[in-house]
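Order of appearance sets the numbers: ligands from 1, and atoms from 1 within every ligand. Numbers for residues simply follow the sequence, beginning at 1.
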Amino acid sequence: MRPSEIAQLLAGADDAGLFSAADALTRENFGTEIYLRGVIEFSNHCVNNCRYCGLRRANRDVHRYRLSVDEIVSCTALARELSLGTVVVQSGDDYTYTREDIGRVVTGAKEQADVAVTLSLGDRPEADFLYWREIGADRYLLKIETFDEALYAKSRPGLALADRLDRVEALRKAGYEVGSGIITDLPGMTPDILASDLARLSALDLDMIAVGPFVPSPGTPYGDAPAGSVLTAFRAMAVLRLLNPLANIPSTSALNALRDGAREQGLTVGANVIMPSLTPETVGGDYAIYPGKNALRADAASRLAAVRAAIRRVGRTPSTAVGGSKRRRHG
Ligand code: SF4
């Protein structure tokens with residue numbers, strides 16, 4: 001698809017055609033199954049200062065927490081009890097946890113829960129990536145946020161796009177299933193930047209691709225910026241599905257933060273994955289990348305039951321499968 005065609009679709013040239021083509025392609029490759037990944041947000045500390053993110057170092061309004069290695073491993077066991085095949089072990093860029101600490105999480109999750117382990121820990125050294133992969137970590141998520149160099153530098157002060165791309169490459173070489181993604185309507189993002197971001201994201205040939213709308217977070221420089229558009233995010237997801245037929249594409253919780261029910265609706269425009277939070281009740285509300293993410297403080301089981309019901313509401317089937325990358329299996 002040419003960049004000009006992507007731009008037209010993002011502008012709403014043919015929403016009905018775009019959404020139904022993306023939906024048909026998703027069903028063709030995944031049937032009605034929706035893969036579930038249980039997310040464990042184990043620390044909301046971060047050394048970075050991304051201007052859009054509630055966890056940024058300079059945000060004094062956040063009550064910070066860290067879970068112990070044992071607590072994280074028990075969350076992975078909970079995932080297994082709740083019939084989830086995959087856990088996503090996620091934090092800000094928090095180097096308090098050593099390579100070995102995370103290693104114990106990976107081995108603990110494998111021994112106690114036998115789940116696929118996705119790590120989402122930000123910018124770690126390549127040696128860490130290799131170590132965790134060798135002891136059994138399956139996947140790694142490292143979002144790019146935008147491929148526009150100037151916008152990247154502005155949004156993520158002190159960090160460089162080239163370094164992030166190098167890390168994505170290092171993860172691939174280490175043998176992970178690699179996931180990445182962008183934020184639609186990030187302040188400063190133009191329609192042209194978004195069209196180009198979708199093309200470049202697809203060119204990375206990733207196993208998992210996430211696109212979520214910008215949600216303003218209090219206590220950040222963008223706290224008063226306008227929220228992203230759910231419709232733009234849907235169009236971006238649908239375009240990504242057309243460009244990446246076999247990739248796992250989640251419908252993000254950021255959608256629900258903007259409009260109740262938008263996350264399940266995302267399953268009808270190209271997404272085939274939902275990532276419910278398994279973070280313990282005592283800390284879940286503090287993992288505030290944006291408000292509302294963990295506002296529903298029901299226990300993990302009832303949260304999951306609600307997610308499964310939402311999936312069924314849009315005619316899909318909650319899967320208990322590990323849901324590995326089809327892209328890899330098909331070469
Ligand atoms: Fe830290 Fe990630 Fe938030 Fe940036 S986006 S401040 S790296 S948690």
Show me which atoms of ligand 1 lie under 4.0 Å from any heavy atom of [X].
| X | value |
| --- | --- |
| N48 | 6 (S), 7 (S) |
| C53 | 3 (Fe), 5 (S), 6 (S), 8 (S) |
| D93 | 7 (S) |
| G92 | 8 (S) |

TODO: Could you see which bit of R156 sits under 4.0 Å from ligand 1, with heavy atoms only: side chain, backbone, both or neither?
DONE: side chain

Task: Proximity to ligand 1 by part of C46, non-hydrogen separation under 4.0 Å - done: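 Near ligand 1, C46 shows its side chain, while the N, CA, C and O stay back.
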
TODO: Determine whether the side chains of T220 and R56 contain a donor N or O and an acceptor N or O closer than 3.5 Å.
DONE: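 No, no side-chain donor-acceptor contact under 3.5 Å.
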
TODO: Go through the side-chain N and O atoms of D94 and T96 and say whether any donor and acceptor fall under 3.5 Å apart.
DONE: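 Yes.
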
- [ ] Would you check if R241 and I249 make a side-chain contact, meaning some heavy-atom pair closer than 4.5 Å?
- [x]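 Yes, at least one pair of side-chain atoms sits under 4.5 Å.
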
Task: Test of ring centre spacing under 6.0 Å for Y52 and F214 - done: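 Not close enough - the centres of the two rings lie 6.0 Å or further apart.
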
Task: Aromatic centroids of Y65 and F42 separated by under 6.0 Å - done: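 Not under 6.0 Å, so no.
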
